[in-house]
Amino acid sequence: MINAKDWQQEQERLTTVMDKLRGTIAELEPEVSGLRDQVTDIRKRFWEEVTINTSNAEDFEETFYSMKQQEALLSERERSHRQRMQRLKSMKRLLTSPYFGRIDFQEEGSSLSEHIYIGVSSFVDRDGIDFLVYDWRTPIASMYYDFSPGAAIYDTPGGRVTGDMRLKRQYQISGGQLHTVFDTSVTIGDELLQQVLGKGADTQMKSIVATIQREQNAVIRDDTSAMLIVQGAAGSGKTSAALQRAAYLLYKHRDKLKADQIVLFSPNPMFNSYVSTVLPELGEENLQQTTMQEYLAYWLASTFQLENPFDQIEYVLSGTNSYGYEARLSGIHYKASKSYLKALQQYGLWLRKEGMLFQSIPFRDGELVSTEQMEAQFYSYDSSIRLANRVALLQEWLLKKLSVLERKERRAQWIQDELNYLDNEQYAEAYKELVRRHKQEGTVIHFNEEYVGIYGDAEEGLGEAEDFDFDYAMQEEELLRQMIVKAWFKPLRQQVKRLKFIDMIGLYARLFGDAAAYQEMTNEMDMPMHWQEISKQTKEKLSQSELFYEDAAPFLFLKELVEGNRTNTEVRHLFVDEGQDYSPFQFYFLKMLFPRARMTVLGDFSQAIFPQATNLHELDSPLTKLYGEGETNLIRLVRSYRSTREIVAFTKALLPNEEIVPFERSGRKPCLVNVISSEKRAERIIADIAALRAEGYDSIAVITRTADESRQAYDVLQSQGSDALRLITKETLTFEKGAMVIPSYLAKGVEFDAVLIYDASSQTYARESERKLFYTACTRAMHRLVLYATEEWTPFIQAMEPLLYEVE
């Protein structure tokens, strides 16, 4: 703590800043309101202020410039309103806590030391020169995170600035009141971080700008790497740092980077809700958020019923005794690999020479264009042209051919039969079209009384023109023929424009024939085990219009090779959370889909619970080869801030070879509770939930291994009288406080005040492949971890030192 004199000075300074903030807000509010009214008024009166006259070229030009002038006025007012509104929101955010840190910095060559106060956004005094608060993302504020008092530097667009940091101070301010002040020699003093980490879990992730650590700041401010890999221990703040990184990028490149040019791939829809408030807290718009499943479904759900990744892991965890299990596992691993990627690339080269599969264009009882005609036309193009470009040429050829065939079809005999069954509405439509054409030509149509009786005043609104004699009945019939044929050909054109003439399912299914044919088409020599059964399983799914999760990205990759059209050149940054659960194939695919985007991958290989996991740990990770040499940066975050020292010690023992450093925050040791039956376990869990709530813990998770086990546990607990529980499934979209039952893989990325492991017995967690799943479940706990078993404990616990836990 600081002395009384310094406290008084800080209090006076805070009071001054608060007064100026209130004054600025008082000035901005009427400005924002007035501009909003102006914008609304201009929009309402837009067409009243514009003179519309298109009689001649001169009048048309005057109308055009009148509209442009009014549009420019509206745009200027909207821009002014948006800017002032954004500033007003920033000032109101500062009103609660104007700043959280301060450094005193004396630049080399200067005799004066500048007081730099740091907050979530900048606040400049009325003179427009004196910064009362610096945004945490400014270059000068980086020293607060990276240096202790002493020599310090920061980089600016104009070059590097060196000097001496004379003071580093931290504040806790809430409601405009100064609560605590610390002078510190490290990035974030233990006192402040202890208080922040000691709070309960929330329904949504919060901004960490006041407690960013030096290693997290390196993640946030890396602005040069094409690929940034963040391998972080559970609770190391990697996801939080990534979101602050997005805010930093939007701030630094605000003139050329927008929020909709950043995409976050998150582990599940509930996680999207959990992180949705971080960027708005910092005054930025939310970036685009999706999951890999949602992205794949966007392109493939109209063709296939896609397996969900959570259904895949349910099978991996629960289907050990089912027929074909080993083959399915082998297929999952192979289809996630770089080998399969290369095989599909080679298949694409093979298709340049032969083997493209097409679907004929049917018409009535025959076909307009056969597959043989398409194949002959396709392979008549230069073989050096890539597949997607040749498909585009074939598409153009087909559309032209359809136009020729459509004109030819107007003379077909079947048209006469169709004419005989037309109703009055179709005749009326033809009439209106003829009227429109002849009105444009300046001619008048003369009708007999029969036509007038059907259509009313035939000449109304046609204007004055010379009489024009023509055989109306013949023109009407010709127009009706055109309309009939056009209606038949319209869906055919749409199918061609959507590239439905390509047999994509056939192209993918053909890969799963005999091994010799696969090797010939793909140049693949290292075939996976159980190939025959893998092929059988895959083709069976395809025949039912279904797709395994491990086939979705490869199918879409092949589709992109053949058809193109899916690359997105607008996205500039791609964030992939829980990156260890993505396959090498999926990472390459993402790079191909977003060719102009830099990629930030966050994950923990210790939590790699999906069978297609990618190693983020080592410098020889497949990700380090995704971009050019020197464009990849691997940052390791080894300190865990989420859990108490006792919980980290327990979970670290599950993975003894991993480097995990606990933050010095103490609590109770994990508790092992052995009960004699599932009913007694349910009674104990209900009692423990009540006790934890009484202690003030609002976020409590009962974690099971699988979704099936979650449903069973939920039913048992409900039957014992616990009606305040919520069952979390893969369809759950929002994260809420309270007690919940949740499968281990859906809890990834989220934290809870207390975690209750429903079944930590050897019956549930026995296989070595389940070690990381168990570790992931246990590391969700911030303050309390309780484990239950009705039988002997999992071997992962049996191998631990008993000093790491307490037993009841």
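We number each residue from 1, following the sequence as shown. The structure presented is a predicted model; accordingly, all values stated were derived computationally and were not measured.
- Defined by atom type and a distance below 3.5 Å, a donor-acceptor pair is present between the side-chain atoms of Ser225 and Asp222.
- The CD atom of Gln213 sits 7.0 Å away from the CZ atom of Arg639 when rounded to the nearest 0.5 Å.
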Identify all side-chain donor-acceptor contacts of residues 585-596 below 3.5 Å with residues at least two apart in sequence or on another chain.
residue	atom	partner	partner atom	Å
Gln586	OE1	Ser583	N	3.0
Gln586	NE2	Tyr549	OH	3.3
Tyr588	OH	Gln345	NE2	3.3

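- The backbone N or O of Leu249 sits nowhere less than 3.5 Å from a side-chain atom of Arg254 that would complete a donor-acceptor pair.
- In this structure, NZ on Lys490 lies 12.0 Å from CG on Leu492, to the nearest 0.5 angstrom.
- Looking at residues two or more places apart in sequence or on another chain, you find no side-chain hydrogen bond (donor to acceptor under 3.5 Å, both in side chains) involving Thr776.
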For this session: Evaluate the criterion side-chain hydrogen bond (donor to acceptor under 3.5 Å, both in side chains) for residue pair Glu524 and Tyr334; output intermediate values, then yes/no.
Result: CA-CA 12 Å; Glu524 175 67 273; Tyr334 179 65; 2.7 Å; yes

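- Under the 3.5 Å distance criterion, the side-chain polar atoms of Lys238 are matched with a main-chain donor or acceptor of Gly232.
- With hydrogens and angles left out, the side-chain atoms of Gln580 and Gln607 include no donor and acceptor closer than 3.5 Å.
- For the atom pair Ile229 CD1 and Leu602 CG, the distance stands at 10.5 Å (nearest 0.5 Å).
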For this session: Please report the C-alpha distance between Tyr745 and Phe310 in whole Å, then the side-chain angles of each, then the deciding distance to 0.1 Å, and finally whether the ring-ring contact (aromatic ring centres under 6.0 Å, His included) criterion is met.
Result: CA-CA 8 Å; Tyr745 50 80; Phe310 305 121; 5.5 Å; yes

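- A side-chain donor-acceptor contact under 3.5 Å links Glu294 to the backbone of Thr291.
- Atoms CE and CD1, from Met356 and Ile502 in turn, are 5.0 Å apart once rounded to the nearest 0.5 Å.
- Note on ring orientation: taking the six-membered ring where Trp is involved, the planes of Tyr347 and Trp350 are parallel (angle under 30°, cut-offs 30° and 60°).
- Side-chain contact check for Glu578 and Tyr582: no donor-acceptor pair (N or O, by modelled atom type) lies under 3.5 Å.
- When the shell of 6.0 Å around CD of Glu354 is examined, it contains more than 12 heavy atoms from other residues, nucleotides or ligands.
- To the nearest 0.5 angstrom, Asp581 atom CG is 7.5 Å from Ile313 atom CD1.
- Side-chain contact annotation: Arg245 with Thr600, donor-acceptor N/O pair under 3.5 Å present.
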For this session: Go through Arg137 and Asp135 one step at a time and tell me if the salt bridge (Lys or Arg N to Asp or Glu O under 4.0 Å) criterion holds.
Result: CA-CA 5 Å; Arg137 295 166 288 189; Asp135 191 297; 3.0 Å; yes

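- Residues passing the side-chain contact (heavy atoms from CB on, under 4.5 Å) test with Ile153, sequence neighbours excluded: Phe147, Arg160, Thr162.
- For Gln216 and Tyr641, the side-chain atoms include no donor-acceptor pair closer than 3.5 Å.
- Qualifying side-chain contact (heavy atoms from CB on, under 4.5 Å) partners for Asn523, counting only residues two or more places apart in sequence or in other chains: Gln346.
- Qualifying side-chain contact (heavy atoms from CB on, under 4.5 Å) partners for Thr732, counting only residues two or more places apart in sequence or in other chains: Met270, Arg726, Ile728, Thr729.
- With sequence neighbours excluded, the residues that form a ring pair (Phe, Tyr, Trp, His ring centres under 6.0 Å) with Phe555 are Phe304, Tyr508.
- The list of salt bridge (Lys or Arg N to Asp or Glu O under 4.0 Å) pairs with a residue in residues 385-400, not counting sequence neighbours, reads Glu396-Lys400.
- With 3.5 Å as the limit, one finds no donor-acceptor pair spanning the side chains of Arg87 and Ser90.
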For this session: In sequence, state the C-alpha distance, the side-chain angles, and the governing distance for Glu751 and Arg780, and then conclude on salt bridge (Lys or Arg N to Asp or Glu O under 4.0 Å).
Result: CA-CA 5 Å; Glu751 59 190 24; Arg780 302 305 94 200; over 6 Å; no

For this session: Applying salt bridge (Lys or Arg N to Asp or Glu O under 4.0 Å), run through Lys252 and Asp223 and close with a yes or a no.
Result: CA-CA 10 Å; Lys252 183 174 181 180; Asp223 199 26; 3.0 Å; yes

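- In this structure, the side-chain hydrogen bond (donor to acceptor under 3.5 Å, both in side chains) partners of Asp577, at least two apart in sequence or on a different chain, are Thr239.
- Separating the NZ atom in Lys730 from the CD atom in Gln293 is a distance of 8.5 Å, to the nearest 0.5 Å.
- A salt bridge links Asp551 to Lys335: one of the charged nitrogens lies within less than 4.0 Å of a carboxylate oxygen.
- For Lys89, the NZ atom counts as loosely surrounded, since its 6.0 Å shell holds 12 or fewer non-hydrogen atoms of other residues, nucleotides or ligands.
- A side-chain hydrogen bond (donor to acceptor under 3.5 Å, both in side chains) check over residues 295-305, counting only residues at least two apart or in different chains, returns the pairs Tyr295-Trp299.
- Residues passing the ring pair (Phe, Tyr, Trp, His ring centres under 6.0 Å) test with Tyr251, sequence neighbours excluded: none.
- Listed for the Gln312 side chain is no donor-acceptor partner under 3.5 Å among the backbone atoms of Asn308.
- With sequence neighbours left out, the side-chain hydrogen bond (donor to acceptor under 3.5 Å, both in side chains) criterion links Lys500 to no other residue.
- Under the rule for a ring pair (Phe, Tyr, Trp, His ring centres under 6.0 Å), the partners of Tyr134 that lie at least two apart in sequence or sit in another chain are Phe131.
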